[in-house]
Amino acid sequence: MIENHEIDEERMVEEAYQHLIDTYLQSRHRKHTEIINKAFNFARQAHRGVKRLSGEPYIMHPIAVAQIACEEIGLGSTSICCALLHDVVEDTDYTVEDIRNIFGERIAQIVSGLTKISGGIFGDQASAQAESFKKLLLTMSEDIRVILIKISDRLHNMRTLGSQLPNKQYKIAGETLYIYAPLANRLGLNRVKEELEDLSFRYEHPEEYSQIKKRLASMEAHLHEIFEEFISPIREKLDAAGIKYHVKERIKSPYSIWNKMQKKHVTFEEVYDILAVRVIFTPEEGATNEQEIAECFQIYALASSIYKPHPERLRDWLSHPKANGYQALQSTLMGKHGRWIEVQIRSQRMDDMAEQGFAAHWKYKEGGRTAEDSENELDKWLGTIKEILDDPQPSAIDFLDAIKLNLYASEIFVVTPKGDFRTMPMGCTALDFAFSVHTFVGTHCMGVKVNHKLVPLSYELASGDQVEVLTSRDLKVQPEWLSFVTTGKARTKILSILRKHDRELQKRGEEMLSTFFQKNEMEFNSINVDKLCVLHNVKTREMLYVAVGKDEVVLGSQDVDVLKEISQGKRRWGRYLKFFTRKQKESLLDKKPKNASAEPKTDGAEAEMPAQKAPKQKVKKTPLLLNEETIGRYAMCPVCHPIPGDDVLGYQESDGRIVIHKRSCEVANKLKASFGNQIWAIKWDTHKKLFFQATIQIDGIDRIGVLHEITGVLSEQLNVNLPRLLIETRDGIFRGEIQLEVHDAEDLQSICKKLKKIDGIDAVVRIS
């Protein structure tokens, strides 16, 4: 039996590898199968005997990654070799030097970039995820294939995520949604991006994913009827004009629908753009980019002669493609039955670019049929990534945030005084534009003119704005700039300059502290400095040095008295001690807190919940239960306010405390991408015995008695306690925020449904 099983596994591996070779031989690439065979045999031997969690031979994973890189992204023999070898250095005894000796420098460099690292790039806030990602980007800036292979690897890991434990699923899915899906989008890999998003959504919110999939399946036939009815008269016009074309109906992905429901606070029925139409034409042989653009507008003219276009929803990505190379003419037309339908018009080349990104760019570049703009935009983006990597980042989350800000999807075009077009992210400010021109221009920006009028640096730019930056050498970077810049480049540069300034202040503060200790005949050591940190409520020594350097903390007799009383132990604490909490007193006295994990804090206005000690690592296989007995051990995230019924996870902080977050929480998304090994799977088990606070927003038509009806439904019919209620009215419309005490999300959903039945209520949504 064992021998038969091994024979079956060998056959499975051979068949998978043969499929890879067949796919490669059918591609446009040169047929360098010898080097691929060499890489396959090497990787197969290196991983021999190792299994994946799914039970299949480990070599199946590198083969699958190579298949995706070849078939779905369009990469060639070098990339296929690197995909086959990508886990060898990390998981076996072979080194990068071995790969270099056998396969050469280029393959070794890419494999090294794909290999995870550990170390101290971020010091005390080290994150293995962020460090490995930084290494990946460093190599990517030299060879874009590194990130394309990594995306292939991530896609296969997501397709096989079901074999992982829940906490691992949340970590990998969160990291994918936060970093890898935006990266795929930035590189023009639309199909890959959508699949990564949907797979992440499936594991993070399985119930919502399942519901939306079922709703889409039940609507499929109806949507197809709408599509055929809408496209039929357009087909007649295109056929009469002699245009070679085909049409596609595009159904919005489950993740896109859910994301819109969350952001717009709408129901599934209120997502109007579930259906879109793509008209893809085949231009004449040898047609130029300009001729393809002209044909797009010809098709638009024919379609808009049948259906009225939305006046504000024409998107021209033809003359100025998106930064990822996307080209299309998009319009929203009013079909029959009062339904708006988006129509995307593009050539076959443009469609390939939209789906396969830069892999298609290389394909068409060989025929001289791509504009240089998309290649230049990629070079500019890689240049920006290099600048971010060159600046030291204080923490893993700051680093990932800076990178993520450069993965924007929505873009605008602004114009320089000389008439040059620049691509910028939607929502960017005038100061962001200044930094995009040059770091010197941004750091010395004193003002900006938009369309020849002076505007604040925080002014949000719109497509078509002409922007002129005014500079002054005397002007310095201001900390408040961080509150309104939106691009990674601007934020990174501002932080770098401010940190440099802080280092100078830190040095000054350290010298002032040294003088202070010397003058008062005390030792300038870490123990005494830490005691001053507690006294002045400062988290780190470095922050204390900066505060002293800025004169925000002025050292005086109080500091001397406290330090000497502590060190000499001659007198009682007196009046100073009453200002400290018990934990601070014990810290000052260099004593360990007794029963700190079981005794709540009594000083201050708000009691602190005891920290949950970290369960042993092996317990991570089972989700932690939140029930009436255990819930007091955990803290609830103050940003997302989770309640029973929400999809949640736990994040274990450095002090051992576990904080509960919604899986969709902005804070949790960053933590999953940076510190995924500290994520815990959590399950609710509360049995409707406890109450939790939630806040809903109600919009409706103002009329006499409507507030009485709302409170009547809540307090009289449903017996719900209302800790807070705010109502504002304007021009006959009202908006209310109501804080409720509920058992769980099911109760809250029931309350929202009942409130929606009140006459004049337009929308009831949960906001926290």
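Being a predicted model, the structure only gives us computed values, none of them experimental.
- Contact of the K672 side chain with the K171 side chain is not registered, since no non-hydrogen atoms from C-beta on lie closer than 4.5 Å.
- Side chain to side chain, D98 and T95 meet the donor-acceptor criterion of an N or O pair below 3.5 Å.
- With sequence neighbours excluded, the residues that form a salt bridge (charged side-chain N to carboxylate O under 4.0 Å, His left out) with K252 are D273.
- Using the six-membered ring where Trp is involved, F675 and Y651 have ring planes that are tilted, between 30° and 60° apart.
- Every residue two or more places apart in sequence or in another chain that forms a side-chain contact (heavy atoms from CB on, under 4.5 Å) with E249 is listed here: H224, F227, I251, L275.
- The closest side-chain donor-acceptor pair between D22 and Q26, if any, does not fall under 3.5 angstrom.
- Y170 is listed as a side-chain neighbour of R663, based on a closest heavy-atom distance under 4.5 Å.
- Classified by interplanar angle (parallel below 30°, tilted 30° to 60°, perpendicular above 60°), the ring pair Y58/H61 is perpendicular.
- Side-chain atoms of S152 come within 3.5 Å of backbone N or O of L148 as a donor-acceptor pair.
- For R100 and Q109, the side-chain atoms include no donor-acceptor pair closer than 3.5 Å.
- How far NE2 of H19 is from CD of E14: 15.0 Å, rounded to the nearest 0.5 Å.
- Partners of R159 by side-chain contact (heavy atoms from CB on, under 4.5 Å), not counting sequence neighbours, listed by chain and number: I68, E72, L155, E195, L199.
- Judged purely by distance below 3.5 Å, without hydrogens or angles, the side chains of Y209 and D198 never pair a donor atom with an acceptor atom.
- For the pair F40 and I21, the minimum side-chain heavy-atom distance is 4.5 Å or more.
- S112 and T115 share no side-chain donor-acceptor pair at under 3.5 Å.
- For E34, the salt bridge (charged side-chain N to carboxylate O under 4.0 Å, His left out) criterion is met by no residue, not counting sequence neighbours.
- Among residues two or more places apart in sequence or in another chain, the side-chain contact (heavy atoms from CB on, under 4.5 Å) test is passed with I102 by K38, F42.
- Q652 has its side chain within reach of W680: a pair of non-hydrogen atoms, C-beta onward, lies under 4.5 Å apart.
- In this structure the side chain of E56 never reaches within 4.5 angstrom of the side chain of K51, judged on heavy atoms.
- Residues meeting the side-chain contact (heavy atoms from CB on, under 4.5 Å) test with S79, sequence neighbours left out: L75, R145, I149.
- Side-chain contact between H47 and D87: present, with at least one pair of heavy atoms (C-beta onward) separated by less than 4.5 Å.
- Two residues are said to be in side-chain contact when any heavy atoms from C-beta on lie closer than 4.5 Å; R202 and M158 fail this criterion.
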